Amino acid sequence: MIKKILVANRGEIAIRVMRSCREAGIKSVAVYSEADRDSMHVRYADEAYYIGPAPSNQSYLVIDNIIKAAKDSGADAIHPGYGFLSENAEFSDRCKKEGIIFIGPSSYAINTMGDKITARKTMQAANVPVVPGTTEPIQDIKEAVEIIKKIGLPVMIKASAGGGGKGMRLVREEKDIISSVSAAKSEAKAAFGDDAVYIEKFIESPHHIEFQILCDKHGNCVHLFERECSVQRRHQKVVEETPSPIMTQEVRDEMGKHAVAAAKAVNYEGAGTIEFIVDDNLNYYFLEMNTRLQVEHPITEAVTGVDLVVEQIRVANGEKLSFRQEDLSQKGHAIEVRVYAEDPENNFMPSPGQIKYLHEPLGPGIRHDGYIYPGYKIPMEYDPMISKMIVWANDREGAIKRMKRALEDYILTGVKTSIPFLKKVMDAPDFANGKYTTQFIEKNMDILMPDNEPDQEETDIAVITAFIDFLNKEENAKNEIRTAGSSKNYWKEFGRRKGVLRL
Amino acid sequence: MIKKILVANRGEIAIRVMRSCREAGIKSVAVYSEADRDSMHVRYADEAYYIGPAPSNQSYLVIDNIIKAAKDSGADAIHPGYGFLSENAEFSDRCKKEGIIFIGPSSYAINTMGDKITARKTMQAANVPVVPGTTEPIQDIKEAVEIIKKIGLPVMIKASAGGGGKGMRLVREEKDIISSVSAAKSEAKAAFGDDAVYIEKFIESPHHIEFQILCDKHGNCVHLFERECSVQRRHQKVVEETPSPIMTQEVRDEMGKHAVAAAKAVNYEGAGTIEFIVDDNLNYYFLEMNTRLQVEHPITEAVTGVDLVVEQIRVANGEKLSFRQEDLSQKGHAIEVRVYAEDPENNFMPSPGQIKYLHEPLGPGIRHDGYIYPGYKIPMEYDPMISKMIVWANDREGAIKRMKRALEDYILTGVKTSIPFLKKVMDAPDFANGKYTTQFIEKNMDILMPDNEPDQEETDIAVITAFIDFLNKEENAKNEIRTAGSSKNYWKEFGRRKGVLRL
Amino acid sequence: MYEVNYKDNDYKVEILSRNGNKITISVDDRVYDIDVTEPESGIFSILYNNKSVQYSFFPEKDDRKKYKVYHGDKEWNLEIIDPQRRYRKSRKGDDGDDSNYISTPMPGKVVKILVKEGDKVPAGSTVIIISAMKMESEYKVTSDRVVKEVLVKEGDNIDGDQPLIIFE
Amino acid sequence: MYEVNYKDNDYKVEILSRNGNKITISVDDRVYDIDVTEPESGIFSILYNNKSVQYSFFPEKDDRKKYKVYHGDKEWNLEIIDPQRRYRKSRKGDDGDDSNYISTPMPGKVVKILVKEGDKVPAGSTVIIISAMKMESEYKVTSDRVVKEVLVKEGDNIDGDQPLIIFE
């Protein structure tokens with residue numbers, strides 16, 4: 001049985017894992033770089049080991065240093081969190097070699113799913129739908145036309161040798177097929193000296209929907225339903241929710257089965273995520289598998305009641321899953337937002353710096369997974385995510401209202417954050433209607449930009465605030481010069497109350 | 001439709017109500033006494049009105065002042081929270097008269113349930129079980145013996161004119177009936193000059209289990225299952241949980257029906273609670289009705305997903321309940337603890353004072369409803385409860401583990417709190433087994449007392465902490481004398497980095 | 001040489017070496033290698049033997065040498081004793097001051113004062129009643145005393161640890 | 001008479017009366033009756049016209065007359081202008097200082113410096129590249145300049161608003 005876990009990560013995910021460790025009665029070990037001595041994950045852990053300078057390739061990514069800390073601390077197991085070494089097959093193998101339990105999948109599963117081509121072939125073999133298209137390069141125009149007709153329009157023609165948009169053609173109408181293939185081929189020839197092309201189904205403004213799966217070492221595998229992750233900026237998820245507002249029970253069951261089949265195809269162990277791209281008609285295609293815990297896992301926890309980290313630890317312990325597929329259900333609706341130290345008004349530029357004041361939202365239905373505290377200096381070496389906020393309510397409308405309230409209650413000064421932007425997302429009609437795709441942010445950019453222009457009265461009160469504080473401080477400074485030491489003041493005040501100074 | 005609500009309360013419950021107002025898009029109005037200008041509920045509200053000096057009988061209990069604030073602010077409705085005016089029939093009537101919606105029941109319901117004798121008779125008429133016993137005084141010994149045999153042993157004989165234990169006899173065995181009745185009567189005669197007695201079934205070491213009910217103005221009434229509230233100290237609830245560990249589905253359904261019948265018997269509107277005392281064999285008897293929101297309402301919200309404050313507002317708006325009994329279910333397990341500013345080691349003496357450092361527990365499954373903040377001075381005029389913490393998990397064992405973690409993560413200095421005591425409750429075998437009654441705290445007092453004796457190493461580190469801070473402060477004081485103003489320091493440091501002072 | 005008092009013990013404390021936040025320090029004859037930072041005001045994050053612990057502390061407002069320190073459910077009342085204070089202390093004798101007045105551990109309100117200046121008060125009698133949060137507490141003298149001065153009056157709000165009644 | 005600068009405006013501020021935390025204050029010709037307390041350090045709870053609002057603020061570490069103030073999603077950079085500062089300001093002319101050096105709005109690391117002392121730099125050219133959180137930003141000059149001094153070197157960690165390159 002695992003008694004001590006080293007968490008090979010930092011920030012909010014390290015703390016999130018340690019919280020489950022505490023609940024499970026397991027000791028937790030933090031590792032930290034030079035930039036992280038004061039990070040909350042170091043303060044929260046039972047033990048802490050220094051593993052190198054601030055840049056992650058000299059600390060959090062150095063397998064030897066992590067293994068050494070694990071050995072020194074006597075940890076039975078390592079939880080990699082997400083990012084860093086979490087999808088590193090070598091690290092998984094190395095742990096095994098060193099007799100330390102890696103809380104994650106085998107190197108085989110990581111490698112197979114890590115390589116797009118291999119993953120695609122493996123999924124096809126397991127009858128999991130993939131984006132229709134050719135797997136070998138085509139040179140013959142006639143063959144290309146036949147394949148396009150089989151796949152169905154629209155399609156994307158891509159130069160097989162290429163990149164950067166050269167030799168790429170989107171075909172929407174049948175009449176354009178031959179001319180487009182010809183054009184792509186000649187463009188490819190000119191650019192790369194090779195006129196071979198690939199053809200792939202083009203998914204128009206897709207949805208990004210993923211399924212959480214969980215498998216034990218005994219061949220049992222379940223899914224924990226979907227997460228809708230279409231609110232993305234530059235392929236970075238910003239808001240996630242479950243259930244997906246476009247999902248039907250029929251498609252959910254079917255996709256869930258395919259997700260389980262995908263995991264089983266690589267003998268998966270532990271928690272993982274199967275990502276699909278989905279069109280407006282709920283046709284879905286395997287995109288990739290994330291062989292680790294996701295940032296957005298809490299929304300699944302909120303609607304299913306399952307603590308995914310605890311389940312990861314149980315699986316790593318060799319225990320059988322304590323529930324079957326039919327024991328699982330979704331209750332209510334959950335939304336997560338990722339709060340970044342970044343400036344939405346300045347092209348989302350990262351905004352490291354010191355947190356001056358922090359008030360975290362509390363109350364019904366809110367889960368806040370963060371790691372910052374008042375006075376904390378957000379280092380510039382790592383991801384600028386400072387917390388993820390999850391709300392739960394009985395229905396989607398209630399969850400959106402609750403998220404708005406939570407974002408309003410979240411007060412943080414000293415660094416710029418994405419909070420104003422996230423409020424705008426909650427207010428956007430496309431989001432409220434649940435009718436959005438991965439194009440959502442791009443399409444709504446004009447209404448998502450915070451409009452923070454204060455009115456005259458607000459500015460007046462701000463001016464008054466600064467002025468009064470300035471005067472108060474001036475006054476205090478004068479008083480400090482007049483009286484020496486707080487001890488005297490105390491007795492003076494006490495004396496005043498009595499009318500005479502007695503002591 | 002209600003657009004603005006005045007919350008006639010303070011502290012955590014005022015904020016809890018205002019949070020739901022924010023989510024519902026309703027403006028909230030705070031009222032505050034002289035002691036509460038800096039209270040979080042004033043800061044959290046959209047508007048705030050001063051209503052009088054610190055003592056509650058000059059502020060929070062002054063109906064005229066509350067009504068005036070409501071009128072001045074243009075509030076459509078008043079939410080009374082719990083305590084203060086929440087069960088004041090005159091206040092309910094006054095609101096009605098002034099054309100302000102009182103978010104709570106009619107004065108008829110409050111009055112009927114507020115008077116024990118009337119409530120008991122009303123419940124008997126509605127076929128709700130009450131503790132078996134006489135309703136009229138008895139003087140004849142023979143009659144008394146007959147009644148006792150009908151009720152069944154054990155019984156408590158009480159002097160009808162009395163109080164303070166005089167003329168009181170507990171009868172457990174049949175052979176003692178006559179002698180006990182005689183003794184009680186003569187003792188009563190001697191003490192009060194009246195030998196009439198009452199007889200009541202004696203419930204040995206009972207459980208305290210209550211049902212949440214919710215009724216609209218259209219005759220619809222549902223219950224939201226039970227709350228187990230047997231962990232009490234001096235009749236003050238300390239820990240509550242739901243489901244009750246002793247409940248069966250059959251008894252739950254039956255008690256729920258009786259709870260609904262009890263509420264309907266007084267044409268109840270809004271949220272209320274029917275309290276029962278329950279013996280080990282799950283025989284249950286109506287104890288009283290609380291015609292308001294309870295402190296422990298969040299555990300019901302956690303397992304049912306219903307926001308009771310939002311439902312109260314809907315009912316007050318005249319809307320119909322949006323669910324029927326069969327739509328409601330319990331999912332998972334929830335526990336609440338009440339955290340008080342009191343000193344468990346010093347006979348639970350209240351401990352007002354200033355909060356120096358505060359770190360609130362966060363993460364999965366935790367809801368923390370508080371109102372304190374770092375630097376806040378807990379006033380001595382009001383109830384010393386500083387927050388209630390609610391955890392939810394899929395099962396009872398998980399909920400207990402989570403509560404332990406939450407209590408461990410809750411760091412608060414400056415005042416004594418009941419946190420160490422609550423940790424001991426979670427660790428007590430009787431609690432872990434779910435086999436406890438209202439005698440739990442009394443019975444377990446020796447193992448519930450915090451044992452905070454530090455070991456040598458802990459004391460050494462404490463000594464080191466104080467010493468190093470003292471030295472740091474000495475050093476800083478010297479530096480402050482040496483350099484004048486922080487602005488200079490900044491440039492000096494900047495110069496040092498460059499090797500030469502350039503600017 | 002500094003000492004830190006906790007309950008009946010004076011602990012000798014000495015910094016043996018200091019390099020930034022890495023400190024070697026002895027308490028009596030026990031030596032600790034610690035790495036200490038103050039991430040938040042009033043919070044020390046301390047690493048030693050790779051253990052990670054947090055201690056919260058604050059000096060009392062009227063005496064910067066008196067500290068309250070917290071860790072988990074534990075709490076210490078400590079006093080830094082520098083050479084000067086040690087000298088004063090040795091001159092006065094132990095606890096010489098404390099028994100000269102009545103004070104309360106917490107803020108509250110004076111409900112009733114049962115003595116006046118010059119009164120001779122026998123051991124065990126209540127001299128003042130204080131209420132805090134609806135609960136009243138009686139404060140008694142533990143030995144025969146004579147009231148020198150009453151510093152508060154009924155109805156006054158009082159701080160914790162504030163002298164209320166001074167004896168001769 | 002004090003003024004407070006925000007963007008292009010200098011607001012005249014004057015306290016008309018003060019009674020504890022109740023203050024009557026004018027901003028230009030607008031008069032506010034406010035009740036202001038500081039429940040937490042750096043937070044004002046302000047009641048006016050019975051509205052309850054919270055403003056957070058902090059003075060900048062290197063200039064106690066420069067304030068950042070926050071309310072909701074809004075943020076102000078303010079500067080207290082006392083008579084002395086107003087005099088200095090009027091002498092120097094507007095913004096005279098700012099354009100003499102390059103600085104960044106946030107802390108980061110110097111990736112590359114493209115100029116050296118004495119270089120003549122045409123308008124629009126990049127002079128320094130700074131990275132913060134994996135993102136690199138190029139800083140350019142807006143007019144033709146001559147480099148007087150380079151205060152940092154590649155690889156240096158820098159604070160926000162720190163002068164990096166000074167021009168003549």
Side-chain angles (χ1 to χ4, degrees), chain A residues 12 15-16 18-25 40 43-44 297-298 301-310 322-323 327 329 331-333 359-371 373-374 387 389-395 398-406 408-409 477 480 485, chain B residues 12 15-16 18-25 40 43-44 297-298 301-310 322-323 327 329 331-333 359-371 373-374 387 389-395 398-406 408-409 477 480 485:
Chain A
E12 73 84 16
I15 292 170
R16 191 264 165 271
M18 290 175 193
R19 284 187 172 128
S20 283
C21 289
R22 276 204 185 176
E23 291 181 18
M40 189 57 99
R43 299 167 58 189
Y44 194 78
H297 76 275
E301 297 183 325
V303 296
T304 64
V306 173
D307 184 321
L308 287 167
V309 172
V310 167
S322 58
F323 38 73
D327 299 326
S329 64
K331 175 161 175 154
H333 197 95
H359 176 85
E360 297 183 85
L362 296 172
I366 293 176
R367 167 176 170 185
H368 194 215
D369 277 25
Y371 79 110
Y373 54 82
S387 71
M389 187 148 60
I390 302 97
V391 299
W392 183 94
N394 251 346
D395 55 31
I400 294 175
K401 285 180 181 171
R402 188 156 280 170
M403 181 59 86
K404 283 192 209 177
R405 196 269 289 174
E408 241 179 73
D409 287 1
E480 258 172 50
Chain B
E12 73 84 18
I15 291 170
R16 190 265 165 273
M18 290 175 192
R19 284 187 173 129
S20 283
C21 289
R22 275 204 186 176
E23 292 182 18
M40 189 57 99
R43 298 167 58 188
Y44 194 78
H297 76 277
E301 297 183 324
V303 297
T304 64
V306 173
D307 184 320
L308 287 168
V309 173
V310 167
S322 57
F323 38 74
D327 299 327
S329 63
K331 176 162 175 151
H333 197 96
H359 176 85
E360 298 183 85
L362 296 173
I366 293 177
R367 167 177 170 185
H368 192 213
D369 277 24
Y371 81 109
Y373 55 82
S387 71
M389 187 146 61
I390 302 96
V391 299
W392 182 94
N394 250 347
D395 55 32
I400 294 175
K401 285 180 181 171
R402 188 156 280 170
M403 182 57 87
K404 284 192 207 175
R405 196 268 289 173
E408 241 179 74
D409 287 2
E480 258 172 48

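First the proteins, then the strands, lettered A, B, ... as listed; each starts at 1. Quick caveat, the model's predicted, so the values are computed rather than measured.
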*Can you tell which part of T304(A) gets under 4.5 Å to a heavy atom of chain B, answering side chain, backbone, both or neither?*
backbone

*Let me know if D307(A) has heavy atoms under 4.5 Å from chain B in its side chain, its backbone, both or neither.*
side chain

*Given that the side chain runs from C-beta out, which part of I366(A) has a heavy atom under 4.5 Å from chain B: side chain, backbone, both or neither?*
backbone

*Check K401(A), K404(A), R402(A) against E23(B) for a side chain to side chain donor-acceptor pair (under 3.5 Å) and give me the one that passes.*
R402(A)

*Check whether P364(A) gets within reach of chain B through its side chain, its backbone, both or neither, counting any heavy atom under 4.5 Å.*
both

*Which region of M40(B), side chain (C-beta onward) or backbone (N, CA, C, O), has a non-hydrogen atom less than 4.5 Å from a non-hydrogen atom of chain A, or is it both or neither?*
side chain

*asked:* Are E360(B) and E360(A) packed together at the side-chain level, in the sense that at least one heavy-atom pair is separated by less than 4.5 angstrom?
replied: no

_Set of side chain to side chain donor-acceptor pair (under 3.5 Å) partners for S387(A), sequence neighbours left out_ = H368(A), Y410(A)

_With a 4.5 angstrom heavy-atom cut-off, is it the side chain or the backbone of R16(A) that approaches chain B, or both, or neither?_
side chain

*What residue, out of D409(A), I15(A), D369(A), has the most heavy-atom pairs lying under 4.5 Å from chain B?*
D409(A)

*Under a 4.5 Å heavy-atom cut-off, does chain A meet the side chain of Y373(B), its backbone, both or neither?*
neither

*side-chain contact (heavy atoms from CB on, under 4.5 Å) partners of N394(A), counting only residues at least two apart*: K331(A), W392(A), V306(B)

*asked:* Strictly distance-based, threshold 3.5 Å: is any side-chain N or O of R19(B) a donor or acceptor partner for the main-chain N or O of L362(A)?
replied: yes

